[in-house]
Amino acid sequence: MVFIYPGSFDPITNGHLDIINRAVKLCDKLIVAVGTNISKKPAFSVEERIELIRASVGENEKISVMSFSGLLVEFAKKHNSNIIIKGLRAMSDFEYEFQMALLNKQLDSELETLFMMTSVHYSFLSSSVVKEIAINGGDIGGLVPDSIKDRIIKKLYCSKNV
Ligand code: ADP
C-alpha cells in the first residue's frame, strides 16, 4: 500500500518526522508530498524544503520525498495511492482537515484520509512556531531534527542579521 503524506513542511519539524516514522511502519511506501501551490509565501523554497526532509529522514527506501502542485487526488492517482495520511494536533486542526478530507472524498470516492494523532510532546509544535523562534535567535533544539537545525538558523536568523 502507498501512503501520501502531504503538507507544506516549511520547514519539517519533529512533529512531522514523528508522523512519518509512525506512518511508514503501516505501509509499503510513503510519499512525503511537498505542496507548491500554497497561498502564503513560504520561507523555504520547495527545493530547500525537500532537501531538509531528505536530510531528516535519512536513508529509507520506503520513503520518497517529492513536490506536488494541483489537486492532491490527481497526485495520489498518479502514484497509485488511495490513502492520505494527516497528522492531527488540537481541535484547531480538526475543522480544516475535516473539510479537506470531505472535499477530497467528493472529488474521488476511492480516496481515504487517515488521521494520526500527534504525540503528546509535539502537540504544540508547528512550522510557524519553529520559524518564529529561529528568526528571533531562540533555541530550536528538540523542535526540529538535529541534522537540519543549523541550516534553518542560517537561513532565518543569520541571513536577517548580516
Ligand atoms: P504546519 O505548517 O501547520 O506545521 P503542514 O502543512 O506542514 O503544517 O503539515 C502537514 C501535516 O502535518 C498536517 O496534516 C499537519 O496536521 C501535520 N502536522 C504538523 N505538525 C504536526 C505535529 N506537531 N504533530 C502531528 N502532526 C503534525
Side-chain angles (χ1 to χ4, degrees), residues 1-27 29-44 46 48-58 60 62-69 71-73 75-76 81-107 111-136 138-149 151-153 155-157:
M1 230 185 297
V2 181
F3 286 5
I4 312 261
Y5 179 37
S8 38
F9 305 102
D10 185 40
I12 185 172
T13 68
N14 280 339
H16 294 128
L17 191 59
D18 173 61
I19 299 290
I20 292 173
N21 288 332
R22 286 159 61 200
V24 76
K25 291 185 195 150
L26 309 174
C27 61
K29 186 178 175 196
L30 178 74
I31 299 176
V32 183
V34 181
T36 57
N37 52 353
I38 38 173
S39 41
K40 56 181 177 186
K41 201 182 170 311
F44 294 85
V46 180
E48 286 171 324
R49 285 181 271 151
I50 289 177
E51 195 35 52
L52 291 173
I53 298 170
R54 290 202 174 123
S56 307
V57 166
N60 187 331
K62 282 174 76 178
I63 302 175
S64 315
V65 187
M66 52 185 93
S67 65
F68 88 97
S69 55
L71 292 177
L72 189 59
V73 290
F75 180 84
S81 172
N82 59 352
I83 304 206
I84 304 298
I85 283 282
K86 301 294 312 247
L88 263 194
R89 283 162 295 190
M91 290 307 286
S92 50
D93 272 345
F94 180 79
E95 203 172 335
Y96 175 74
E97 297 296 354
F98 181 63
Q99 188 186 12
M100 290 308 289
L102 293 183
L103 186 67
N104 284 328
K105 192 81 181 161
Q106 176 76 27
L107 293 174
L111 195 68
E112 298 294 349
T113 305
L114 301 185
F115 291 97
M116 201 167 251
M117 203 60 72
T118 181
S119 295
V120 65
H121 27 281
Y122 300 133
S123 57
F124 65 94
L125 187 52
S126 68
S127 299
S128 323
V129 162
V130 166
K131 282 183 279 193
E132 194 62 33
I133 297 173
I135 286 169
N136 292 296
D139 182 10
I140 56 170
L143 305 183
V144 300
D146 284 342
S147 53
I148 62 166
K149 202 175 112 175
R151 270 191 261 179
I152 293 173
I153 292 168
K155 170 95 183 181
L156 298 179
Y157 182 68

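For this chain, numbers begin at 1 and follow the sequence in order. Note that the structure is a prediction, hence the values are computed from the model and not measured.
- Atom CG in Leu156 sits 10.5 Å away from atom CD in Glu132 (nearest 0.5 Å).
- For Phe9, the ring-ring contact (aromatic ring centres under 6.0 Å, His included) partners two or more places apart in sequence, or in a different chain, are Tyr5, His16.
- Remark: Leu30 CG to Ile63 CD1 distance equals 5.5 Å, nearest 0.5 Å.
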Practice task
Evaluate the criterion side-chain contact (heavy atoms from CB on, under 4.5 Å) for residue pair Met116 and Leu26; output intermediate values, then yes/no.
Solution key: CA-CA 11 Å; Met116 201 167 251; Leu26 309 174; 3.6 Å; yes
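- Partners of Thr113 according to the side chain to side chain contact (heavy atoms under 4.5 Å, CB included) rule, which considers only residues two or more places apart in sequence or in another chain, are Ile84, Lys86, Ala101, Phe115.
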Without placing hydrogens or testing angles, list every side-chain donor-acceptor pair under 3.5 Å for residues 17-25, not counting sequence neighbours.
| from | atom 1 | to | atom 2 | distance (Å) |
| --- | --- | --- | --- | --- |
| Asp18 | OD1 | Ser119 | OG | 3.3 |
| Asp18 | OD2 | Arg22 | NH1 | 2.9 |
| Asp18 | OD2 | Ser119 | OG | 2.6 |
| Asn21 | ND2 | Leu17 | O | 3.3 |
| Arg22 | NH1 | Met117 | O | 3.0 |
| Arg22 | NH1 | Ser119 | OG | 3.4 |
| Arg22 | NH2 | Met117 | O | 2.9 |

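- In this structure Phe68 satisfies the ring-ring contact (aromatic ring centres under 6.0 Å, His included) test together with Phe75, sequence neighbours excluded.
- Here Asp93 pairs with Arg89 under the side chain to side chain donor-acceptor pair (under 3.5 Å) rule; sequence neighbours left out.
- In this structure, Val2 and Ile31 approach most closely via the heavy-atom pair CG1-CD1, 3.9 Å.
- The side chain to side chain donor-acceptor pair (under 3.5 Å) search around Lys131 returns Asp10, not counting sequence neighbours.
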Practice task
Apply side-chain contact (heavy atoms from CB on, under 4.5 Å) to the pair Asp139 and Lys149, showing each step before the final yes or no.
Solution key: CA-CA 9 Å; Asp139 182 10; Lys149 202 175 112 175; 4.0 Å; yes
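- The list of salt bridge (charged side-chain N to carboxylate O under 4.0 Å, His left out) pairs with a residue in residues 113-123, not counting sequence neighbours, is empty.
- For Lys105, the side chain to side chain contact (heavy atoms under 4.5 Å, CB included) criterion is met by Glu112, not counting sequence neighbours.
- The CD1 atom of Ile152 sits 11.5 Å away from atom CD1 of Ile135, with the distance rounded to the nearest 0.5 Å.
- For the atom pair CG of Leu52 and CD1 of Ile148, the computed distance is 5.0 Å after rounding to the nearest 0.5 Å.
- When the side chain to side chain contact (heavy atoms under 4.5 Å, CB included) test is applied to Leu102, the partners found at least two apart in sequence or on another chain are Phe98.
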